[in-house]
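Numbering of ligands and ligand atoms starts at 1, following listing order. Computed from a predicted model, the values in this text were never measured in an experiment. When a residue number appears, it is its place in the shown sequence, counting from 1.
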Amino acid sequence: MAKMYTDAYLGRSGDSAQENYYTHGDIYTLGSNLVILSNPADCNAVLSTHRFAKGPVYESFALIEDTMFTTRSPDLARTRRKQLGPAFTMGHLAEMEPVILKYGIEAICAKWDSLIAKSPSKATEVCFIQHFALAAFDVIGALGYGQEFNALHNDRSQVISWVNDFNALAMLKLSFGNPNRFPNRVLFRNQLKSISDLVIFGNKAAQKRRDELSKGLEKPKDILQVLIDCESPDSKIKMTPLQITAENVSFLMAGTNTISLTLSWIIHYLMLHPKVYQKAVSEVRSVFSSTPDHTVTFAEAKSSLPYIDACICESMRIRAVSGVPLLRVVPKGGATFQGYFLPERTLVGINIAGINHHKDTWESPRKFIPERFINNEKLKQNVLTFSSGVRMCPGRNLANCEILTILANILLKYDFENPKDALFGPENLDIHGNPKAMPCTLNVTISPKYPDRDCRVIIRKAHFYK
Ligand code: HEM
């Protein structure tokens with residue numbers, strides 16, 4: 001049962017959710033008690049209300065304490081969103097932006113500049129997915145832990161391996177049950193140790209902040225401060241150190257790989273579509289080439305780079321990194337979708353890839369066409385990569401800021417070229433006649449299957465630096 005459940009939840013390959021939609025349409029079953037929905041109206045109806053609570057699978061991720069992400073309780077979900085929502089408003093984001101730029105785009109440029117400077121040809125090959133991932137950890141390290149992880153600088157971070165172990169243990173818990181019971185606690189002792197280290201690390205970060213504040217430090221505008229200060233709307237009680245740490249770990253889990261994978265798919269799709277790439281480069285250079293050393297901010301990019309924004313939206317549509325069906329439980333009284341009655345307690349899975357490719361919304365859904373979003377802001381709302389409704393991703397503004405500032409600035413400052421030995425490029429077409437995308441795998445998120453092989457690009461400084 002556990003294996004069936006895990007297989008059904010994870011699917012067999014990264015493309016399964018998308019291809020299942022193309023094969024089976026708006027509604028189909030996966031396993032004995034799981035019904036997958038792809039019709040946008042059905043999916044929005046489920047996601048818009050707490051009546052369809054999250055499924056039991058989320059409990060596996062509650063390895064420290066229940067969090068905004070893991071909780072199945074509508075009350076706790078509402079409370080946490082009220083408490084933590086202020087960390088992610090546009091106003092708070094603007095105050096956090098200098099940190100986001102410093103550890104995001106500016107750190108990536110420093111890294112790439114130093115690699116290019118060392119190369120006699122003034123061009124170098126980078127594995128972009130690695131750099132995006134390390135930078136994404138550094139951003140959350142600075143915002144959520146108030147400290148420098150130095151992951152990008154050192155090409156590694158202890159925190160990343162702890163988080164990987166956390167993820168692994170959550171999946172093991174799904175299949176093998178409580179990790180603290182014998183024999184699990186022996187078999188999974190390394191992962192359990194990582195989680196205990198992560199807790200100690202998180203608790204220390206919050207304590208350090210409290211100590212600094214007591215010595216007169218002005219309150220920083222970051223996520224850690226919101227976690228420390230926020231009160232329950234009813235009881236006015238603050239979160240416990242363990243609750244703070246658990247939420248912070250969930251931000252590391254939810255807000256790092258999602259961002260770096262999204263950026264990686266964007267670069268990949270731009271390399272597959274040279275005309276789109278050229279158009280995006282021309283757009284940013286037509287506005288900012290007189291000041292190439294200036295870091296384009298989120299507000300500047302939002303107001304002057306609609307095509308790059310459309311490229312992001314189209315990549316997030318065609319290859320949503322949120323690859324697993326979002327599981328919800330049919331409430332008392334049952335529910336009817338596409339003429340099928342589903343009794344109470346049936347699990348429904350929201351197929352984001354299905355929604356993002358749905359025939360009623362999207363023309364030529366398998367084609368990468370950023371132009372579809374130009375002068376069509378409304379259409380962007382149909383891309384459900386951040387989900388929608390009452391449990392929609394609270395980190396989407398932060399993600400959008402990080403992704404747009406990184407993409408706009410790297411397209412401004414560097415020229416990109418596919419390596420000569422790249423397996424995937426504009427000439428290599430799939431059975432639908434579109435440039436074939438690199439293979440992917442599903443590990444909660446949709447990730448490149450061979451990142452070291454397929455996520456490489458040659459970079460050199462843009463012509464106006466010469
Ligand atoms: C491109 C980047 C991102 C994508 C595609 C993404 C996608 C999603 C999706 C699809 C959900 C719904 C999951 C579900 O219902 O099972 C979600 C929830 C969530 N995300 Fe994100 N996310 C991103 C970035 C972030 C960031 C940067 C943070 C925070 C730092 C974050 C924190 C969360 C949290 C806490 C939830 C749970 C919300 C709830 O259940 O009420 N995410 N995200």
Asker: Give a yes or no on whether a salt bridge exists between D155 and K111, defined as a side-chain N under 4.0 angstrom from a carboxylate O.
Answerer: yes
Asker: Below 4.0 angstrom from a heavy atom of T385, which ligand 1 atoms are there? Numbered from 1 as shown, please.
Answerer: 5 (C), 7 (C), 10 (C)
Asker: By number and element, which atoms of ligand 1 are closer than 4.0 Å to a non-hydrogen atom of T262?
Answerer: 1 (C)
Asker: Are D222 and R209 within salt-bridge range, i.e. N to O under 4.0 Å?
Answerer: yes
Asker: Is D454 paired with K449 through a side-chain N to carboxylate O contact shorter than 4.0 Å?
Answerer: no
Asker: Non-hydrogen atoms of R328 versus ligand 1: any pair closer than 4.0 Å?
Answerer: yes
Asker: Tell me the ring pair (Phe, Tyr, Trp, His ring centres under 6.0 Å) pairs involving residues 220-254, sequence neighbours left out?
Answerer: F88-F251
Asker: What do you reckon, does R81 have a nitrogen or oxygen under 3.5 Å from a nitrogen or oxygen of ligand 1?
Answerer: yes
Asker: Should E148 and K102 count as an ion pair when the cut-off is N to O under 4.0 Å?
Answerer: yes
Asker: Classify the contact between V321 and ligand 1 as side chain, backbone, both or neither, using a heavy-atom distance cut-off of under 4.0 Å.
Answerer: side chain
Asker: May I ask which of V324, L326, V390 has a heavy atom nearer to atom 13 (C) of ligand 1 than the others do?
Answerer: L326
Asker: Suppose we screen for salt bridge (charged side-chain N to carboxylate O under 4.0 Å, His left out). Which residues come up paired with K302, at least two apart in sequence or across chains?
Answerer: D309
Asker: Salt bridge between E283 and K279, side-chain N to carboxylate O under 4.0 Å?
Answerer: no
Asker: Check R372 with E363, please: is the shortest side-chain N to carboxylate O separation under 4.0 Å?
Answerer: no
Asker: Restricting to distances shorter than 2.8 Å, give the number of protein N, O or S atoms close to atom 21 (Fe) of ligand 1.
Answerer: 1
Asker: List in chain and number order the residues that pass side chain to side chain donor-acceptor pair (under 3.5 Å) with Y28, two or more places apart in sequence or in another chain; answer none if no residue qualifies.
Answerer: N351
Asker: Could an N or O of ligand 1 be found under 3.5 Å from any N or O of Y58, whether backbone or side chain?
Answerer: yes
Asker: Does ligand 1 have any atom that is closer than 4.0 Å to a heavy atom of R80?
Answerer: no
Asker: May I ask you to say whether E247 pairs ionically with R81, meaning some side-chain N is under 4.0 Å from a carboxylate O?
Answerer: no
Asker: K54 heavy atoms, cut-off 4.0 Å: which ligand 1 atoms fall inside?
Answerer: 15 (O), 39 (C), 40 (O)
